[in-house]
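Can you read through this structure? Questions will come right after.
Source: prediction; values computed, not measured. Chain naming here is simple, since letters A, B, ... match the order of the sequence lines and numbering starts at 1 in each.
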Amino acid sequence: MLMNPDTTAKLLTSAYYQNEDVVLMARDLLGKMIVTHTPEGTCSAIIVETEAYRGPDDRGCHAFGGRYTERTKTMYMSGGTAYVYTCYGVHPMMNVVTGQLGQAHAVLIRGVEPVDGKELMEVRRKMTGSHSLTSGPGKLTIAMGITRDMDGISLVENNASIQIMDTGITIPEAEIESGPRIGMSIHVGSCSHRPWRFYIRGNPWVSKPLKVDYTGKW
DNA sequence: GCGACGATTCGCT
DNA sequence: GCGAATCGTCGCG
C-alpha cells in the first residue's frame with residue numbers, strides 16, 4: 001500500500017471513540033495514524049492490523065463478565081484512553097479504549113506501517129531493514145516508545161504523548177481482511193472463533209500469519 | 001503471601 | 001519449529 005497521508009491529518013476526538021460497537025471501531029481504526037511524542041522524538045505510523053475486545057460477553061477480554069481489577073480498570077475509562085499492559089512480563093501491549101465511560105471495550109493495535117521517525121524506531125528496536133520493526137503488538141510499542149506508564153492517558157489532548165489522527169486514508173472494503181484473533185487461550189471457548197481481527201490485505205507490516213487454528217479445542 | 005500463567009518475541013536447532 | 005525469557009496480575013488460602 002502506498003502510504004501518503006494527508007498532511008492536514010486531524011486528531012480524532014473524544015466523540016469518535018464513544019461508539020459502542022468495538023468491532024466496528026477495530027475495523028475503522030485501520031488506516032488511521034498513531035503518533036507518539038517522547039523526549040527522544042516523534043514517531044508516526046499507519047495502523048494496519050487490529051483486534052477487538054468486547055468487555056462484557058467476550059471470554060478473550062480481560063474484563064469479561066465485568067471483571068474489574070487493578071489492571072482492567074483502565075478499560076472502563078471513557079473512549080479515547082490508552083490501555084497499556086505488560087504481556088509475558090516483557091512486552092507492552094497498546095490498546096485503544098472505546099465506548100462510553102463504564103463500558104470495557106478496547107481495540108488492540110497489532111501492526112503499524114512507519115511513516116515518520118523510522119530511524120528512531122530502528123534505534124529502539126536495535127534493527128534495520130525489516131518489516132519486523134513494527135509487525136506485531138509487542139514490537140510496535142517498543143519501536144514507538146510506548147511504555148506501561150502511559151496506561152490510562154488520554155489520546156485526545158493536543159499535548160498527549162500518544163495520539164491517533166484521521167489521515168483521510170480510507171481503506172477500501174475489498175482490502176480489509178478479517179479472521180480469528182491471535183493468541184487466545186484454549187479457555188476462551190467459542191469466543192476464539194470470533195472474526196475480530198482486522199488487517200489490510202497484503203500489507204507487509206501485518207504481524208506474521210501465525211497458525212490460528214482453534215478446531216477441536218473446546 | 002504464593003504459585004500459575006499470559007492478547008509475545010527471539011534465538012537456536 | 002520449539003522452548004526459554006520474564007514479571008505483573010490474579011485468584012486462592
- Message: We want to know whether A:Thr167 and A:Lys32 form a side-chain donor-acceptor pair, criterion being a heavy-atom distance below 3.5 angstrom.
- Response: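 No.
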Which nucleotide wins on minimum distance to the side chain of A:Thr69, given the candidates C:dG8, B:dT8, C:dC10?
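Given the options C:dG8, B:dT8, C:dC10, the side chain of A:Thr69 is closest to C:dC10.
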Pairing string of DNA chain C (Watson-Crick or G-U wobble, both atom distances under 3.5 Å; | = paired to other strand) is |||||.||||||.
Readout for nucleotides 1-7 of chain B: B = base within 4.0 Å of protein heavy atom, S = sugar-phosphate only, - = neither; 5' to 3' it is -----BB
Are any of A:Arg67's side-chain N or O atoms less than 4.0 Å away from OP1 or OP2 of C:dG11? yes
Donor on one side chain, acceptor on other, A:Glu49 and A:Ser207, under 3.5 Å
yes
Can you find a pair of side-chain heavy atoms, one from A:Trp196 and one from A:Pro180, that are under 4.5 Å apart?
->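 A:Trp196 does not reach A:Pro180 side chain to side chain.
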For atom NE2 of A:His91 and atom C1' of C:dG8, their distance in whole Å:
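Rounded to the whole Å, the gap is 14 Å.
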Rounded to the nearest 0.5 Å, how far apart are OH of A:Tyr85 and CG of A:Asn95?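 Going from the OH atom of A:Tyr85 to the CG atom of A:Asn95 covers 6.5 Å.
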Kindly compute the distance separating SG (A:Cys43) from CE (A:Met121), expressed to the nearest 0.5 Å.
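Going from the SG atom of A:Cys43 to the CE atom of A:Met121 covers 4.5 Å.
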Query - A:Arg110 to A:Phe198 six-membered ring, cation-pi geometry met (6.0 Å, 45°) - result: no
Here the distance between atom P of B:dT8 and atom CD1 of A:Ile142, to the nearest Å, is 14 Å
### Message
If you count heavy atoms of other groups shown closer than 6.0 angstrom to CZ of A:Arg59, is the number above 12?
### Response
no
When rounded to whole Å, the NE2 to P distance for the pair A:His131 and B:dT9 reads 16 Å
Atom NZ of A:Lys73 and atom C1' of C:dT9 are separated, to the nearest Å, by 13 Å
message = Can you confirm whether A:Arg194 sits close enough to A:Asp58 that some side-chain heavy atom of one is under 4.5 Å from a side-chain heavy atom of the other?
response =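 Yes, at least one pair of side-chain atoms sits under 4.5 Å.
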Does NZ or CZ of A:Arg197 fall inside the cone over A:Tyr199's six-membered ring, less than 6.0 Å from its centre and within 45° of the axis?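 Yes, a cation-pi geometry holds between A:Arg197 and A:Tyr199.
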Practice problem: Please state how far atom OH in A:Tyr68 lies from atom C1' in C:dC10, giving the value in whole angstrom units. | Solution: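 Going from A:Tyr68 (OH) to C:dC10 (C1'), I get 16 Å.
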Grab the CZ-P distance between A:Arg124 and B:dT9 for me, whole Å please.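 The distance from CZ of A:Arg124 to P of B:dT9 comes to 17 Å, rounded to the nearest Å.
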Let me know the distance between CG of A:Asp151 and P of C:dG8, rounded to the nearest Å.
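A:Asp151 atom CG is separated from C:dG8 atom P by 14 Å.
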Rounded to whole angstrom, note down the C1' distance from C:dG1 over to B:dA7.
22 Å
task: Look at all strands and tell whether A:Arg125 reaches a base, only sugar-phosphate, or nothing, counting heavy atoms closer than 4.0 Å.
output: sugar-phosphate
